[in-house]
Every structure is written in C-alpha cells, then in structure tokens.
Amino acid sequence: MSNPAQTVHILGLGSIGSLIAHCLRSLPSPPPVNLLIHRKTLYDELAQAHWTLGLRVGEDGPLQKRGGFGAELVPATTSREPIQNLIVAVKASATVAALKPIQHRLGPTTNICLFQNGMGQVEDLNSCMFPDRKSRPTYMFGIMRHGVYLRSSTEAVLSGLSGSASIGIMDEDGEACRSSRQDECRGPGSPRELLDVLLRSPILRCEHLEWKELYENQLFKLAANCVLNPLTAIYDVRNGEIKSNLDMRPLLQNVLEEVSLVLQRLPGIRELPDDQKSRFSASALERLTMDTIEQTARNSSSMREDIRKGRMTEIEYINGWILRRARELQIDCPANRDLMERVLDISRSTRRG
Ligand SMILES: CC(C)(CO)C(=O)C(=O)O
C-alpha cells in the first residue's frame, strides 16, 4: 500500500484509534496513515508533538514513538479527495456526527472498518447517510479485545500483549464476501487489501473471521461490555477488580442472564442447533466475560475513562442495544435497565460538574 490513494484514514484518536494508527505506522513499509481530527485542541497538541503518537506496552514499558502521519482538521478541511479506506474509532454514539463532515468523500468504493464497542452503528449510518443501497460503502467490523487506554492525548498504554482482535467484511446483503466475489474482494483498494494490512500487525494480533463467526464474536464481546463497562464505571475500578469483588458477582450474573435470553432469540442465533446455541447460555457468557476480565485486568475500561473525563458514554449502544432488542422480543431486563440508568445518572452529573 504505497499509493496515496491507498491511504488509511483514521477517524477518532481515542485509545483504539491511537493504537491502530501506531500499529500501522510500525509495520515494515507502512501504509500512509491520515488522522482525521475533529478537535482543534487535539490537532494543536499533535502538531506540538511533531505528529508523533506514543505507545507503551505495559504501564511501565518504554515509550515507543511513531511518526509520519498526515492529519486534517475535519471541520476546517477543504479536501474533496475521495476516501478509499476509513477506520472509524469514535464512540458509537458519535458515529454519524463524525462521518457527516466527510460524507462527500465517501461512496460505494469506500471501505469503512468500524472498530467500536456496541451494536447498531451500521443501521444508523445507512438510515442517516446512505439510505440508497447503491451509495453504500463496504462495511468491515473490527472487534478489539485489547485492554488499552490513553495516558495523554499522544500516549496510549496497552495493558499487555494477551489481547487480540478480529475483523470481518460484510457485503451489502450483510453477508461476508462470497467465494464467487473473492477476486473483487482482493483487488487494489478492496476491503481485503485493507484487511490484509491490519492482519500484518504483530501487536494488534488480528484474525480474519467470516461474517457469521464475526457476528457471533460481536455478540460475545457485547455481553462482556454489558457488565464490564458499566460496573467499572459505576464502582470506579479497573477491570480486574470486578473479579475479586464478590458484591458485583450477583449483579454480573443477573445482567448476563438477561443478555443471554435476548441473544438466544436473535436472528442468526435462534436457528442454531442446541449445542451451538448453548455458547450463548448465561454460564457460557459468564466464562467468556471472566476471560475478558482476566486478559484486560490492568485496564481502565473505556466507559470508566469516559465518566472520569466527563464525556458521553456508549451505554446506549451496549446495554441500550440489548434493551431495544428485549423490548421487541418482549423480554424484561431490569438488571440491564438499572445499570444503564445508573451510568446515565453518573454521566449527567459528571458532565454537568
Ligand atoms: C475489552 C474492554 C472491556 C477492555 O477494557 C473494552 O472493550 C473497553 O474498555 O471498552
């Protein structure tokens, strides 16, 4: 990917966006990486850091700096250059607002890879920005299982190397690139080319999953986020403390029991044979969540960080998404509702204060 048309644009420089930007610029013969920045203060801070981003592996690991980034201040940019590859790492709730100013640069040949927590963003993008099927970009999804947080706007901390990521490609029907379209999927500027670049990073440890498997993994990650994110935000603790805190265990189990009831009734899951559906049982989700807690024990979750920094959280795309599906399926989910309300209350008071 040395052709400037193959530039990877990154929208959102929180912990995930910074990690991906850093990993891409760490590759041998790295692709051009262009940072699309909304906040003038962040743009100025990066300019002061001579357009470098730092990453520490482990809290006390050495600071590894990477540079050579392009950058555009999005609201002010006059560029009309079409965007071929876009990685979206803004908060789920900010997706449409963040993409609107660059809408004229996106089209059916754009590859948009969403590296976000939560579910429902593609539905939002399609209804608000791409109502016409023919104008829609190719969507890819990334699931991030790394524990990573920002120590400052130009320094990310990866809590360890035990995390991993998964990526998959949807076609316009919501299915993976079919085998008959593999060539189309692999050509220059194709989603597969973007995927191959991401797969090369030894730190990201990305695996490629077919759509069905990716969708299931999104739901597993969502289940873990439904407990980990709100609990760490409400109790103001690091991820690992959930495991040792016995008070939180019953709450965790109640939330996952409701999540399990909802997930098992979703299209694509409810048709599965019983032995495969059992991967969505409450006890299976609890085991997966415990694994995530262990792998990211030293991390401060994104929701806890949002609350501490007085920013909006993604709760409506995590527990909120479960509650919307539950309403359609007429399943009562009091534990999820309660967690969401508590996070919204704390968020309102910290954002006011
Ligand atoms: C995996 C986990 C829970 C890591 O903290 C995360 O996704 C987050 O913080 O949002």
Side-chain angles (χ1 to χ4, degrees), residues 12-20 23 55-59 87-95 113-121 141-151 156-167 203-207 214 217-245 248 251-252 255-256 259 285-309 311-322 336 339-340 343 346-347:
L13 265 198
S15 54
I16 304 295
S18 302
L19 173 68
I20 296 173
C23 287
L55 178 70
R56 286 182 202 275
V57 178
E59 302 239 307
I87 292 182
V88 178
V90 295
K91 222 169 281 311
S93 47
T95 310
C113 183
L114 302 162
F115 256 105
Q116 299 170 302
N117 279 334
M119 307 275 285
Q121 299 89 319
F141 292 96
I143 304 173
M144 192 57 90
R145 290 186 218 86
H146 288 285
V148 59
Y149 68 94
L150 282 185
R151 188 170 279 171
V157 179
L158 186 64
S159 61
L161 281 175
S162 53
S164 62
S166 308
I167 317 184
I203 292 192
L204 280 182
R205 297 174 10 126
C206 271
E207 58 173 349
L214 188 93
N217 276 273
Q218 276 186 306
L219 298 177
F220 293 143
K221 171 86 194 305
L222 182 77
N225 286 133
C226 277
V227 287
L228 245 170
N229 293 35
L231 287 180
T232 51
I234 293 167
Y235 292 97
D236 192 18
V237 292
R238 286 188 186 237
N239 295 0
E241 286 168 68
I242 292 185
K243 202 166 176 187
S244 48
N245 192 323
M248 292 187 213
L251 192 50
L252 177 151
V255 170
L256 288 178
V259 170
L285 295 181
E286 189 178 336
R287 272 193 303 278
L288 282 173
T289 301
M290 287 303 168
D291 289 348
T292 308
I293 293 177
E294 221 150 83
Q295 280 157 10
T296 62
R298 294 289 311 139
N299 199 48
S300 178
S301 80
S302 54
M303 197 169 286
R304 178 180 184 230
E305 288 298 303
D306 287 340
I307 293 283
R308 296 171 84 152
K309 291 176 181 139
R311 294 188 304 229
M312 263 177 82
T313 72
E314 298 177 304
I315 194 86
E316 266 121 345
Y317 285 75
I318 299 177
N319 305 71
W321 189 85
I322 290 289
N336 277 274
L339 273 195
M340 177 153 130
V343 169
I346 300 175
S347 169

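Owing to the predicted nature of the structure, the values given are computational and were not obtained by experimental measurement. Just follow the structure's listing: the first ligand is 1, and inside any ligand the first atom is 1.
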d(Leu219 CG, Asn225 CG) to nearest 0.5 Å is 11.5 Å
Looking only at distances, can you tell me whether any N or O atom of Asn299, backbone or side chain, sits closer than 3.5 Å to an N or O atom of ligand 1? yes
Taking only heavy atoms of Leu228, which atoms of ligand 1 are found under 4.0 Å from at least one of them? 3 (C)
If I apply the N/O under 3.5 Å rule, does Ser301 come out as touching ligand 1? no
Spacing of Ile20 atom CD1 and Ile87 atom CD1 [to the nearest 0.5 Å]: 5.0 Å
With the threshold set at 4.0 Å, does a side-chain nitrogen-carboxylate oxygen contact exist between Arg304 and Glu241? no
Consider every N or O of Asn225 and every N or O of ligand 1, then say whether any pair is closer than 3.5 Å. yes
Of all the heavy-atom pairs spanning Ser347 and Arg311, show the shortest one and how long it is. OG-O, 4.2 Å
Should Lys221 be counted as touching ligand 1, given the test is an N or O pair under 3.5 Å? yes
Apply side-chain contact (heavy atoms from CB on, under 4.5 Å) to Asp236 and Arg308, showing your working. CA-CA 9 Å; Asp236 192 18; Arg308 296 171 84 152; 4.1 Å; yes
Give yes if a backbone or side-chain nitrogen or oxygen of Ser302 is under 3.5 Å from a nitrogen or oxygen of ligand 1, and no if not. yes
Full working for side-chain contact (heavy atoms from CB on, under 4.5 Å) between Val88 and Gln116: CA-CA 7 Å; Val88 178; Gln116 299 170 302; 3.8 Å; yes
Polar contact flag for Thr296 and ligand 1 (N/O pairs, less than 3.5 Å): no
